[in-house]
Amino acid sequence: MAERNTEQIEKIRDVVAQDLLSGRIDLLLGWEKGHYWWQSRPLFARSKKDLDKLVWDPFCAVNLSRYLPDELKIHSKVGVLVKGCDARAFNRLLQDHMVQRDRVVLYGLPCPGMLDYSRLAEEAGGNLVGLVEQNGRVILKTDSGEKEAERKDLLIEKCRDCLYPNPVVYDQMLFSPQGEKSAPERFKVVEELENLSAEERFAYWEKELSRCLRCYACRQACPYCSCRECFVEQENPRWQGRAYQTSENFMFHLVRAYHGAGRCIDCGECERACPVGIPLQELNRKLIKDINELYGDYEAGLDAELEPPLLTYRPDDPAAFSEK
Amino acid sequence: MSAALNETSADWEPLVVAFCCNWCSYAGGDLAGTSRMSYPANVKVIRVPCCGRMNPMFVLRAFQRGADGVLVAGCHPGDCHYSTGNYHGRRRLSAFKRLFEFAGFEPERFEVRWISSSEGDKFAEEMETMTAKIKALGPNRKMRDARWQSVTQSK
Ligand code: SF4
Ligand code: SF4
(Lines give C-alpha, C1' and ligand atoms only; values in the text may rest on other atoms or scores of the structure.)
(Ligands and ions follow the chains in the order given, each with its own letter.)
Protein backbone atom coordinates (compact mmCIF):
# COMPACT_ATOMS: atom_id res chain seq x y z
CA MET A 1 0.00 0.00 0.00
CA ALA A 2 1.14 3.52 -0.69
CA GLU A 3 0.81 5.76 2.28
CA ARG A 4 -2.22 7.96 1.72
CA ASN A 5 -1.83 11.66 1.87
CA THR A 6 -4.90 11.91 4.07
CA GLU A 7 -4.71 15.59 4.87
CA GLN A 8 -4.52 16.66 1.24
CA ILE A 9 -7.20 14.20 0.15
CA GLU A 10 -9.55 15.54 2.84
CA LYS A 11 -9.00 19.06 1.62
CA ILE A 12 -9.73 18.13 -2.01
CA ARG A 13 -12.83 16.21 -0.92
CA ASP A 14 -14.16 19.12 1.14
CA VAL A 15 -13.83 21.60 -1.69
CA VAL A 16 -15.26 19.46 -4.48
CA ALA A 17 -18.03 17.93 -2.35
CA GLN A 18 -19.38 21.41 -1.77
CA ASP A 19 -19.33 22.19 -5.47
CA LEU A 20 -21.06 18.90 -6.33
CA LEU A 21 -23.77 19.57 -3.74
CA SER A 22 -24.32 23.18 -4.76
CA GLY A 23 -24.58 22.20 -8.42
CA ARG A 24 -21.55 24.23 -9.46
CA ILE A 25 -20.37 21.01 -11.13
CA ASP A 26 -22.27 17.82 -12.11
CA LEU A 27 -19.23 15.61 -12.32
CA LEU A 28 -15.77 15.56 -10.87
CA LEU A 29 -12.87 13.97 -12.71
CA GLY A 30 -10.36 12.67 -10.18
CA TRP A 31 -8.48 9.47 -9.41
CA GLU A 32 -9.35 6.29 -7.51
CA LYS A 33 -7.31 3.18 -6.76
CA GLY A 34 -7.01 0.68 -9.59
CA HIS A 35 -6.58 -3.05 -9.50
CA TYR A 36 -3.17 -2.88 -7.84
CA TRP A 37 -2.09 -0.55 -5.05
CA TRP A 38 0.42 1.05 -7.40
CA GLN A 39 -2.21 2.03 -9.93
CA SER A 40 -4.57 4.99 -9.78
CA ARG A 41 -7.19 5.24 -12.46
CA PRO A 42 -9.69 7.98 -13.37
CA LEU A 43 -12.63 8.47 -11.01
CA PHE A 44 -15.90 9.84 -12.33
CA ALA A 45 -17.63 11.18 -9.24
CA ARG A 46 -21.23 12.30 -9.53
CA SER A 47 -22.14 12.35 -5.82
CA LYS A 48 -20.57 13.02 -2.46
CA LYS A 49 -20.54 9.29 -1.83
CA ASP A 50 -18.43 8.67 -4.94
CA LEU A 51 -15.83 10.96 -3.44
CA ASP A 52 -15.04 8.37 -0.74
CA LYS A 53 -12.99 6.64 -3.43
CA LEU A 54 -10.95 9.73 -4.32
CA VAL A 55 -7.19 9.47 -3.97
CA TRP A 56 -4.23 11.81 -4.55
CA ASP A 57 -1.08 9.74 -4.41
CA PRO A 58 2.16 9.28 -6.38
CA PHE A 59 0.40 7.15 -9.00
CA CYS A 60 -2.10 9.71 -10.32
CA ALA A 61 -0.30 10.02 -13.65
CA VAL A 62 -3.36 9.76 -15.93
CA ASN A 63 -4.04 13.05 -17.66
CA LEU A 64 -7.66 13.79 -16.74
CA SER A 65 -8.26 16.65 -19.17
CA ARG A 66 -8.32 14.09 -21.98
CA TYR A 67 -11.73 12.92 -20.69
CA LEU A 68 -13.30 16.39 -20.84
CA PRO A 69 -14.51 16.52 -24.46
CA ASP A 70 -16.51 13.31 -23.98
CA GLU A 71 -17.82 14.16 -20.53
CA LEU A 72 -18.95 17.61 -21.65
CA LYS A 73 -21.28 15.91 -24.12
CA ILE A 74 -23.31 14.47 -21.26
CA HIS A 75 -22.69 16.85 -18.37
CA SER A 76 -23.26 20.57 -18.39
CA LYS A 77 -20.50 21.45 -15.93
CA VAL A 78 -17.48 19.35 -15.12
CA GLY A 79 -14.88 19.78 -12.41
CA VAL A 80 -11.43 18.36 -12.94
CA LEU A 81 -8.35 17.95 -10.78
CA VAL A 82 -5.38 19.24 -12.72
CA LYS A 83 -1.68 18.68 -12.23
CA GLY A 84 0.75 20.69 -14.32
CA CYS A 85 0.34 18.50 -17.41
CA ASP A 86 -3.44 18.18 -17.09
CA ALA A 87 -3.66 21.98 -17.00
CA ARG A 88 -1.56 22.37 -20.14
CA ALA A 89 -3.70 19.68 -21.79
CA PHE A 90 -6.73 21.77 -20.90
CA ASN A 91 -5.23 24.75 -22.73
CA ARG A 92 -4.52 22.52 -25.70
CA LEU A 93 -8.18 21.40 -25.82
CA LEU A 94 -9.34 24.97 -25.35
CA GLN A 95 -7.30 26.10 -28.34
CA ASP A 96 -8.83 23.28 -30.39
CA HIS A 97 -12.32 24.35 -29.30
CA MET A 98 -12.91 20.94 -27.80
CA VAL A 99 -13.90 22.36 -24.39
CA GLN A 100 -15.56 25.54 -23.21
CA ARG A 101 -13.84 27.45 -20.44
CA ASP A 102 -17.07 28.41 -18.63
CA ARG A 103 -18.28 24.81 -18.42
CA VAL A 104 -15.21 23.51 -16.63
CA VAL A 105 -13.98 24.12 -13.09
CA LEU A 106 -10.28 23.45 -12.66
CA TYR A 107 -8.89 22.54 -9.25
CA GLY A 108 -5.13 23.01 -9.32
CA LEU A 109 -2.82 20.45 -7.73
CA PRO A 110 0.88 21.37 -7.79
CA CYS A 111 2.53 18.08 -8.68
CA PRO A 112 5.48 16.46 -6.92
CA GLY A 113 5.99 14.06 -9.86
CA MET A 114 4.56 10.57 -10.18
CA LEU A 115 6.37 7.32 -9.36
CA ASP A 116 7.08 4.52 -11.78
CA TYR A 117 6.15 1.09 -10.54
CA SER A 118 8.72 -0.72 -12.66
CA ARG A 119 11.47 1.51 -11.27
CA LEU A 120 10.18 1.00 -7.72
CA ALA A 121 10.11 -2.76 -8.15
CA GLU A 122 13.56 -2.84 -9.64
CA GLU A 123 15.02 -0.68 -6.88
CA ALA A 124 13.29 -2.71 -4.16
CA GLY A 125 14.69 -5.98 -5.42
CA GLY A 126 12.30 -8.21 -3.53
CA ASN A 127 8.50 -8.36 -3.61
CA LEU A 128 7.37 -4.74 -3.20
CA VAL A 129 4.38 -4.44 -0.88
CA GLY A 130 4.22 -0.74 -0.12
CA LEU A 131 6.03 2.56 0.27
CA VAL A 132 6.30 5.61 2.51
CA GLU A 133 7.52 9.03 1.42
CA GLN A 134 9.75 11.20 3.57
CA ASN A 135 11.41 14.50 2.58
CA GLY A 136 12.26 13.65 -0.98
CA ARG A 137 13.09 10.07 -0.16
CA VAL A 138 11.02 6.96 -0.62
CA ILE A 139 11.08 4.01 1.74
CA LEU A 140 10.27 0.85 -0.17
CA LYS A 141 8.80 -2.00 1.83
CA THR A 142 9.34 -5.53 0.68
CA ASP A 143 8.58 -8.94 2.16
CA SER A 144 12.07 -9.07 3.54
CA GLY A 145 12.57 -5.55 4.85
CA GLU A 146 12.92 -1.92 3.80
CA LYS A 147 15.02 0.00 1.35
CA GLU A 148 15.43 3.74 0.88
CA ALA A 149 15.89 5.58 -2.41
CA GLU A 150 15.91 9.11 -3.82
CA ARG A 151 12.48 10.14 -5.03
CA LYS A 152 13.82 11.75 -8.20
CA ASP A 153 15.31 8.44 -9.35
CA LEU A 154 11.94 6.72 -9.16
CA LEU A 155 9.89 9.17 -11.23
CA ILE A 156 8.10 8.05 -14.36
CA GLU A 157 9.80 9.13 -17.56
CA LYS A 158 7.44 12.00 -18.31
CA CYS A 159 7.97 13.57 -14.87
CA ARG A 160 11.77 13.55 -15.01
CA ASP A 161 11.95 16.32 -17.56
CA CYS A 162 8.75 18.12 -16.63
CA LEU A 163 9.22 21.89 -16.60
CA TYR A 164 5.82 22.95 -15.34
CA PRO A 165 4.62 20.89 -12.37
CA ASN A 166 2.33 23.73 -11.27
CA PRO A 167 -1.00 24.16 -13.07
CA VAL A 168 -0.80 27.10 -15.49
CA VAL A 169 -4.57 27.51 -15.61
CA TYR A 170 -7.01 26.91 -12.74
CA ASP A 171 -10.04 28.29 -10.95
CA GLN A 172 -8.85 27.35 -7.53
CA MET A 173 -5.36 26.29 -6.47
CA LEU A 174 -5.63 23.76 -3.67
CA PHE A 175 -2.07 23.64 -2.33
CA SER A 176 1.05 25.77 -2.36
CA PRO A 177 3.11 25.54 -5.56
CA GLN A 178 6.14 23.34 -6.14
CA GLY A 179 9.51 25.02 -6.60
CA GLU A 180 10.96 25.96 -10.00
CA LYS A 181 12.17 23.06 -12.13
CA SER A 182 14.69 22.72 -14.88
CA ALA A 183 14.98 19.95 -17.45
CA PRO A 184 18.52 19.95 -18.84
CA GLU A 185 18.08 16.48 -20.33
CA ARG A 186 14.81 17.09 -22.11
CA PHE A 187 16.33 16.87 -25.59
CA LYS A 188 19.23 14.60 -24.75
CA VAL A 189 17.95 11.50 -26.55
CA VAL A 190 16.85 13.57 -29.56
CA GLU A 191 20.34 15.02 -29.82
CA GLU A 192 21.95 11.62 -29.51
CA LEU A 193 19.80 10.35 -32.36
CA GLU A 194 20.51 13.43 -34.46
CA ASN A 195 24.21 12.67 -34.20
CA LEU A 196 23.80 9.24 -35.77
CA SER A 197 23.93 8.62 -39.51
CA ALA A 198 20.69 8.30 -41.47
CA GLU A 199 21.23 4.55 -41.75
CA GLU A 200 21.71 4.17 -38.00
CA ARG A 201 18.67 6.28 -37.25
CA PHE A 202 16.58 4.28 -39.68
CA ALA A 203 17.72 1.03 -38.10
CA TYR A 204 16.85 2.43 -34.66
CA TRP A 205 13.34 3.48 -35.62
CA GLU A 206 12.65 0.44 -37.75
CA LYS A 207 13.42 -1.74 -34.76
CA GLU A 208 11.53 0.35 -32.23
CA LEU A 209 8.47 0.76 -34.43
CA SER A 210 8.42 -2.91 -35.40
CA ARG A 211 6.86 -3.62 -32.00
CA CYS A 212 3.89 -1.37 -32.71
CA LEU A 213 0.59 -3.25 -32.41
CA ARG A 214 -1.36 -0.35 -33.91
CA CYS A 215 -3.62 -0.47 -30.86
CA TYR A 216 -3.75 3.35 -30.93
CA ALA A 217 -3.59 3.61 -27.14
CA CYS A 218 -1.08 6.44 -27.68
CA ARG A 219 -3.69 8.36 -29.60
CA GLN A 220 -6.45 7.66 -27.10
CA ALA A 221 -4.31 9.02 -24.28
CA CYS A 222 -3.26 12.12 -26.18
CA PRO A 223 -4.77 15.56 -25.53
CA TYR A 224 -3.88 16.79 -29.03
CA CYS A 225 -5.55 13.78 -30.66
CA SER A 226 -9.02 15.13 -30.34
CA CYS A 227 -10.11 14.63 -33.96
CA ARG A 228 -13.58 13.14 -34.32
CA GLU A 229 -12.27 10.99 -37.13
CA CYS A 230 -8.62 10.03 -37.04
CA PHE A 231 -6.72 9.45 -40.30
CA VAL A 232 -5.98 5.89 -39.22
CA GLU A 233 -9.66 5.02 -39.38
CA GLN A 234 -10.55 6.94 -42.51
CA GLU A 235 -11.75 4.56 -45.20
CA ASN A 236 -11.69 6.81 -48.22
CA PRO A 237 -8.90 7.45 -48.80
CA ARG A 238 -7.53 4.78 -46.53
CA TRP A 239 -4.30 6.42 -45.42
CA GLN A 240 -3.33 3.86 -42.85
CA GLY A 241 -2.95 0.33 -44.13
CA ARG A 242 -3.51 -2.54 -41.71
CA ALA A 243 -0.56 -4.60 -42.88
CA TYR A 244 2.28 -5.32 -40.53
CA GLN A 245 5.21 -3.79 -42.37
CA THR A 246 7.85 -1.12 -41.99
CA SER A 247 6.28 1.39 -44.34
CA GLU A 248 2.94 1.26 -42.53
CA ASN A 249 4.67 1.69 -39.18
CA PHE A 250 6.44 4.79 -40.44
CA MET A 251 3.23 6.10 -41.97
CA PHE A 252 1.44 5.94 -38.65
CA HIS A 253 4.24 7.20 -36.47
CA LEU A 254 5.41 10.09 -38.63
CA VAL A 255 1.87 11.32 -39.17
CA ARG A 256 0.82 10.91 -35.54
CA ALA A 257 3.86 12.87 -34.39
CA TYR A 258 3.47 15.46 -37.13
CA HIS A 259 -0.12 16.14 -36.12
CA GLY A 260 1.32 17.34 -32.85
CA ALA A 261 3.76 19.76 -34.47
CA GLY A 262 3.52 23.00 -32.50
CA ARG A 263 0.68 21.47 -30.48
CA CYS A 264 2.24 18.74 -28.36
CA ILE A 265 2.38 19.77 -24.69
CA ASP A 266 5.07 17.16 -23.95
CA CYS A 267 2.98 15.43 -21.28
CA GLY A 268 4.31 12.01 -22.30
CA GLU A 269 0.96 10.26 -21.98
CA CYS A 270 1.38 8.55 -25.39
CA GLU A 271 4.57 6.88 -24.31
CA ARG A 272 3.13 5.94 -20.92
CA ALA A 273 0.07 4.39 -22.57
CA CYS A 274 2.07 2.35 -25.08
CA PRO A 275 1.99 -1.33 -24.08
CA VAL A 276 5.23 -2.12 -25.91
CA GLY A 277 7.38 0.79 -24.76
CA ILE A 278 7.95 2.67 -28.02
CA PRO A 279 9.81 5.96 -27.33
CA LEU A 280 7.07 8.11 -28.88
CA GLN A 281 8.10 11.12 -26.90
CA GLU A 282 11.35 11.40 -28.84
CA LEU A 283 9.45 11.93 -32.09
CA ASN A 284 7.29 14.57 -30.42
CA ARG A 285 10.30 16.25 -28.86
CA LYS A 286 12.15 16.34 -32.15
CA LEU A 287 9.35 18.50 -33.53
CA ILE A 288 9.25 20.70 -30.43
CA LYS A 289 13.00 21.23 -30.63
CA ASP A 290 13.06 22.03 -34.36
CA ILE A 291 10.09 24.35 -34.30
CA ASN A 292 11.62 26.22 -31.39
CA GLU A 293 14.92 26.49 -33.22
CA LEU A 294 13.38 27.60 -36.50
CA TYR A 295 10.42 29.71 -35.43
CA GLY A 296 11.14 30.86 -31.90
CA ASP A 297 10.55 29.45 -28.46
CA TYR A 298 7.07 28.18 -27.88
CA GLU A 299 5.69 25.87 -25.22
CA ALA A 300 2.34 24.41 -26.20
CA GLY A 301 -0.31 24.58 -23.50
CA LEU A 302 1.29 27.34 -21.44
CA ASP A 303 -0.91 30.12 -22.72
CA ALA A 304 -4.10 29.45 -24.67
CA GLU A 305 -3.98 32.97 -26.13
CA LEU A 306 -0.66 32.49 -27.92
CA GLU A 307 -0.99 31.31 -31.50
CA PRO A 308 0.59 27.88 -32.16
CA PRO A 309 3.64 28.29 -34.44
CA LEU A 310 2.27 26.27 -37.35
CA LEU A 311 -0.88 28.37 -37.52
CA THR A 312 1.06 31.50 -38.21
CA TYR A 313 4.16 32.73 -40.09
CA ARG A 314 6.56 35.58 -40.57
CA PRO A 315 7.51 36.66 -44.09
CA ASP A 316 11.19 36.29 -43.23
CA ASP A 317 10.93 32.80 -41.74
CA PRO A 318 13.88 30.49 -42.28
CA ALA A 319 13.35 27.14 -44.04
CA ALA A 320 14.80 23.66 -43.65
CA PHE A 321 15.44 23.52 -47.41
CA SER A 322 17.29 25.68 -49.90
CA GLU A 323 15.32 28.77 -50.93
CA LYS A 324 17.59 30.03 -53.68
CA MET B 1 5.74 -2.27 -64.18
CA SER B 2 8.05 -0.82 -66.78
CA ALA B 3 11.61 -1.98 -67.21
CA ALA B 4 12.80 1.49 -66.28
CA LEU B 5 11.72 0.76 -62.73
CA ASN B 6 13.43 -2.56 -62.43
CA GLU B 7 15.80 -2.01 -59.55
CA THR B 8 18.02 -4.96 -60.19
CA SER B 9 19.11 -3.85 -63.63
CA ALA B 10 22.22 -1.70 -64.06
CA ASP B 11 20.33 0.98 -65.94
CA TRP B 12 17.89 1.55 -63.10
CA GLU B 13 15.99 4.78 -63.40
CA PRO B 14 14.55 6.57 -60.38
CA LEU B 15 10.96 7.68 -60.07
CA VAL B 16 10.57 11.24 -58.86
CA VAL B 17 7.17 12.63 -57.91
CA ALA B 18 6.88 16.41 -58.09
CA PHE B 19 3.93 18.08 -56.38
CA CYS B 20 3.61 21.41 -58.14
CA CYS B 21 1.45 24.33 -57.15
CA ASN B 22 -1.11 25.20 -59.80
CA TRP B 23 -0.28 28.89 -60.03
CA CYS B 24 3.50 29.02 -60.18
CA SER B 25 5.45 25.81 -60.46
CA TYR B 26 2.99 23.93 -62.63
CA ALA B 27 2.91 26.90 -64.97
CA GLY B 28 6.70 26.94 -64.77
CA GLY B 29 6.63 23.34 -65.99
CA ASP B 30 4.31 24.38 -68.82
CA LEU B 31 6.70 27.11 -69.81
CA ALA B 32 9.57 24.64 -69.82
CA GLY B 33 7.48 22.52 -72.18
CA THR B 34 6.38 25.29 -74.55
CA SER B 35 9.95 26.62 -74.62
CA ARG B 36 11.03 23.13 -75.67
CA MET B 37 13.36 22.63 -72.75
CA SER B 38 13.78 19.03 -71.81
CA TYR B 39 13.81 17.51 -68.36
CA PRO B 40 14.00 13.85 -67.31
CA ALA B 41 10.97 11.67 -67.92
CA ASN B 42 11.58 10.19 -64.48
CA VAL B 43 9.61 13.09 -63.04
CA LYS B 44 5.88 12.62 -62.64
CA VAL B 45 4.09 15.87 -61.90
CA ILE B 46 1.05 16.04 -59.64
CA ARG B 47 -0.78 19.34 -59.55
CA VAL B 48 -1.87 20.74 -56.19
CA PRO B 49 -3.68 24.05 -55.66
CA CYS B 50 -0.95 25.44 -53.41
CA CYS B 51 2.06 24.14 -51.51
CA GLY B 52 0.07 25.05 -48.41
CA ARG B 53 -2.30 22.26 -49.49
CA MET B 54 0.46 19.69 -49.13
CA ASN B 55 -0.43 17.11 -46.59
CA PRO B 56 2.71 15.18 -45.59
CA MET B 57 0.65 12.04 -46.06
CA PHE B 58 0.82 12.72 -49.83
CA VAL B 59 4.59 12.53 -49.59
CA LEU B 60 4.66 9.37 -47.52
CA ARG B 61 2.09 7.73 -49.76
CA ALA B 62 4.16 8.52 -52.85
CA PHE B 63 7.13 6.80 -51.22
CA GLN B 64 4.98 3.82 -50.26
CA ARG B 65 3.78 3.40 -53.84
CA GLY B 66 7.18 3.45 -55.44
CA ALA B 67 8.60 6.99 -55.55
CA ASP B 68 12.34 7.20 -54.98
CA GLY B 69 12.27 10.95 -54.41
CA VAL B 70 9.59 13.56 -53.78
CA LEU B 71 9.79 17.24 -54.60
CA VAL B 72 7.30 19.90 -53.60
CA ALA B 73 7.41 23.08 -55.65
CA GLY B 74 5.53 26.28 -54.91
CA CYS B 75 5.51 30.01 -55.59
CA HIS B 76 8.28 32.14 -54.15
CA PRO B 77 7.47 33.60 -50.72
CA GLY B 78 5.37 36.70 -51.22
CA ASP B 79 3.97 35.50 -54.56
CA CYS B 80 1.33 33.05 -53.35
CA HIS B 81 -1.94 33.17 -55.27
CA TYR B 82 -3.70 32.83 -51.91
CA SER B 83 -1.34 35.40 -50.35
CA THR B 84 -0.06 33.30 -47.46
CA GLY B 85 -0.31 29.64 -48.47
CA ASN B 86 3.39 29.20 -49.09
CA TYR B 87 4.33 31.02 -45.88
CA HIS B 88 2.36 28.37 -44.01
CA GLY B 89 3.76 25.71 -46.31
CA ARG B 90 7.31 26.80 -45.54
CA ARG B 91 6.84 26.23 -41.81
CA ARG B 92 4.95 22.97 -42.17
CA LEU B 93 7.19 21.43 -44.79
CA SER B 94 10.32 22.48 -42.89
CA ALA B 95 9.05 20.76 -39.76
CA PHE B 96 8.12 17.69 -41.78
CA LYS B 97 11.42 17.53 -43.63
CA ARG B 98 13.35 17.57 -40.37
CA LEU B 99 11.11 14.87 -38.86
CA PHE B 100 11.44 12.74 -42.00
CA GLU B 101 15.22 12.95 -41.76
CA PHE B 102 15.12 12.21 -38.04
CA ALA B 103 13.32 8.96 -38.83
CA GLY B 104 16.33 7.92 -40.88
CA PHE B 105 15.45 8.94 -44.44
CA GLU B 106 18.12 10.57 -46.58
CA PRO B 107 17.69 14.38 -46.78
CA GLU B 108 17.89 14.28 -50.61
CA ARG B 109 14.77 12.12 -50.90
CA PHE B 110 12.43 14.92 -49.96
CA GLU B 111 12.95 18.46 -51.18
CA VAL B 112 11.04 21.71 -51.43
CA ARG B 113 11.75 24.43 -54.03
CA TRP B 114 10.29 27.76 -55.03
CA ILE B 115 9.70 27.93 -58.79
CA SER B 116 7.70 30.74 -60.39
CA SER B 117 5.64 30.56 -63.59
CA SER B 118 8.31 32.48 -65.49
CA GLU B 119 11.10 30.14 -64.41
CA GLY B 120 10.77 27.40 -67.00
CA ASP B 121 14.55 27.06 -67.01
CA LYS B 122 14.68 26.71 -63.25
CA PHE B 123 11.93 24.10 -63.40
CA ALA B 124 13.88 22.00 -65.90
CA GLU B 125 17.07 22.48 -63.92
CA GLU B 126 15.56 21.46 -60.56
CA MET B 127 14.00 18.34 -62.08
CA GLU B 128 17.35 17.48 -63.61
CA THR B 129 19.21 17.96 -60.32
CA MET B 130 16.66 16.06 -58.25
CA THR B 131 16.69 13.11 -60.66
CA ALA B 132 20.49 13.01 -60.71
CA LYS B 133 20.68 13.12 -56.91
CA ILE B 134 18.18 10.31 -56.50
CA LYS B 135 19.88 8.28 -59.16
CA ALA B 136 23.13 8.55 -57.22
CA LEU B 137 21.36 7.68 -53.99
CA GLY B 138 19.69 4.56 -55.35
CA PRO B 139 16.17 3.20 -54.95
CA ASN B 140 13.98 3.95 -51.95
CA ARG B 141 13.66 0.71 -50.09
CA LYS B 142 12.90 2.10 -46.65
CA MET B 143 9.42 3.43 -47.10
CA ARG B 144 8.18 1.13 -49.81
CA ASP B 145 4.98 -0.83 -49.53
CA ALA B 146 5.82 -4.57 -49.45
CA ARG B 147 3.15 -5.34 -52.03
CA TRP B 148 4.73 -2.91 -54.48
CA GLN B 149 8.11 -4.49 -53.95
CA SER B 150 6.83 -7.96 -54.76
CA VAL B 151 5.28 -6.65 -57.97
CA THR B 152 8.57 -5.22 -59.21
CA GLN B 153 10.63 -8.15 -58.12
CA SER B 154 8.46 -10.69 -59.90
CA LYS B 155 8.88 -8.86 -63.19
S1 SF4 C 1 -3.26 11.02 -35.05
FE2 SF4 C 1 -3.80 12.87 -36.14
S3 SF4 C 1 -5.79 12.44 -37.11
FE4 SF4 C 1 -5.47 10.92 -35.49
S5 SF4 C 1 -6.50 11.83 -33.72
FE6 SF4 C 1 -4.32 12.37 -33.61
S7 SF4 C 1 -4.25 14.39 -34.55
FE8 SF4 C 1 -6.19 13.47 -35.17
S1 SF4 D 1 0.35 2.67 -28.05
FE2 SF4 D 1 2.29 1.79 -28.77
S3 SF4 D 1 1.71 -0.15 -29.75
FE4 SF4 D 1 -0.18 1.05 -29.54
S5 SF4 D 1 -0.36 2.15 -31.50
FE6 SF4 D 1 0.71 3.53 -30.10
S7 SF4 D 1 2.91 3.13 -30.47
FE8 SF4 D 1 1.75 1.41 -31.36
Side-chain angles (χ1 to χ4, degrees), chain A residues 190 193-194 196-206 208-209 231 234 237-241 243-255 257-259 261-262 282-291 293-295 309-324, chain B residues 51-52 55-61 63-66 71-74 76-78 80 83-115 122 125-126 129 137 140-150:
Chain A
V190 173
L193 288 169
E194 282 171 349
L196 299 177
S197 70
E199 291 314 308
E200 289 168 323
R201 271 202 302 275
F202 183 77
Y204 172 84
W205 285 114
E206 188 179 33
E208 291 292 333
L209 301 185
F231 79 97
Q234 259 172 17
R238 185 190 280 192
W239 292 111
Q240 183 61 57
Y244 173 76
Q245 54 171 262
T246 302
S247 92
E248 297 294 359
N249 287 341
F250 276 93
M251 185 75 173
F252 172 59
H253 285 278
L254 291 182
V255 177
Y258 184 76
H259 284 179
E282 305 315 334
L283 289 171
N284 299 344
R285 282 187 174 154
K286 169 66 179 165
L287 281 158
I288 295 174
K289 179 172 175 278
D290 282 351
I291 291 174
E293 275 170 17
L294 287 165
Y295 305 119
L310 290 203
L311 291 189
T312 179
Y313 67 88
R314 278 194 322 260
D316 58 346
D317 274 336
F321 44 85
S322 158
E323 292 197 279
K324 62 166 178 40
Chain B
C51 73
N55 183 333
M57 290 199 283
F58 298 170
V59 177
L60 294 173
R61 177 63 105 235
F63 282 118
Q64 282 186 316
R65 296 293 153 84
L71 179 83
V72 175
H76 287 265
C80 178
S83 314
T84 60
N86 55 0
Y87 285 136
H88 288 285
R90 178 161 59 188
R91 283 198 173 196
R92 293 177 198 164
L93 295 169
S94 291
F96 178 72
K97 183 163 163 56
R98 292 263 192 109
L99 179 69
F100 183 71
E101 292 170 15
F102 185 66
F105 297 96
E106 302 86 349
E108 298 85 355
R109 291 234 187 257
F110 173 62
E111 278 295 359
V112 184
R113 288 288 180 271
W114 307 136
I115 304 171
K122 184 173 180 191
E125 220 171 88
E126 291 292 355
T129 319
L137 202 58
N140 146 41
R141 290 207 172 87
K142 292 177 179 168
M143 187 60 200
R144 186 163 292 176
D145 193 308
R147 282 163 296 184
W148 199 93
Q149 225 144 16
S150 62

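Within the model, atoms CG of B:Asp145 and CD of A:Gln245 stand 4.5 Å from one another, a figure rounded to the nearest 0.5 Å. Once rounded to the nearest 0.5 Å, the distance linking CE of B:Met57 with CZ of A:Phe231 reads 6.0 Å. Atom CE of A:Met251 sits about 6.0 Å away from atom CE of B:Met143, to the nearest 0.5 Å. To the nearest 0.5 Å, the span separating CZ on B:Arg91 from CD1 on A:Ile291 amounts to 9.0 Å. Note that the CH2 atom of A:Trp239 and the CZ atom of B:Arg61 stand 6.0 Å from one another [nearest 0.5 Å].
Annotation: maximal heavy-atom pairing with chain A below 4.5 Å, among B:Phe110, B:Tyr87, B:Trp114, B:Phe63, occurs at B:Tyr87. The candidate from A:His253, A:Arg314, A:Glu194, A:Glu282 with the greatest count of non-hydrogen atom pairs under 4.5 Å with chain B is A:Arg314. Across B:Gly78, B:Pro56, B:Ala103, B:Ala95, the residue that shares the most heavy-atom pairs under 4.5 angstrom with chain A is B:Ala103. Interface remark: of the candidates A:Ser322, A:Pro309, A:Ser247, A:Gly262, A:Ser247 forms the most heavy-atom pairs closer than 4.5 Å to chain B.
Neither the backbone nor the side chain of A:Tyr204 comes within contact range of chain B, judged by heavy atoms closer than 4.5 Å. The part of A:Asp316 that comes within reach of chain B is its backbone (N, CA, C, O), which places non-hydrogen atoms under 4.5 angstrom from that chain. A:Ser197 does not touch chain B: none of its heavy atoms, backbone or side chain, sits under 4.5 Å away. With a 4.5 angstrom heavy-atom cutoff, A:Leu294 touches chain B only via side-chain atoms.
In terms of modelled atom types and a separation under 3.5 Å, the side chain of A:Arg201 and the main chain of B:Phe102 share a donor-acceptor contact. Under a 3.5 Å cut-off, the side chain of B:Ser94 and the backbone N or O of A:Ala320 do form a donor-acceptor pair. Panel note: side chain A:Tyr258, backbone B:Arg92; a donor-acceptor pair is recorded below 3.5 Å.
Not counting sequence neighbours, the partners of A:Phe202 by the side chain to side chain contact (heavy atoms under 4.5 Å, CB included) test are A:Glu206, A:Thr246, A:Phe250, B:Phe105, B:Lys142. B:Arg98 pairs by the salt bridge (Lys or Arg N to Asp or Glu O under 4.0 Å) definition with A:Asp290, A:Glu293, not counting sequence neighbours.
In this structure, the side chains of A:Glu323 and B:His76 stay at 4.5 Å or more apart for every pair of heavy atoms.
Smallest separation of non-hydrogen atoms from A:Leu254 and B:Phe100: CD1-CD1, 4.4 Å. Scanning both residues, B:His88 and A:Leu311, for their nearest heavy atoms gives CE1-O, 3.4 Å.
No cation-pi contact links B:Arg90 to A:Tyr313, judged by a cut-off of 6.0 Å to the six-membered ring centre and 45° from its axis.
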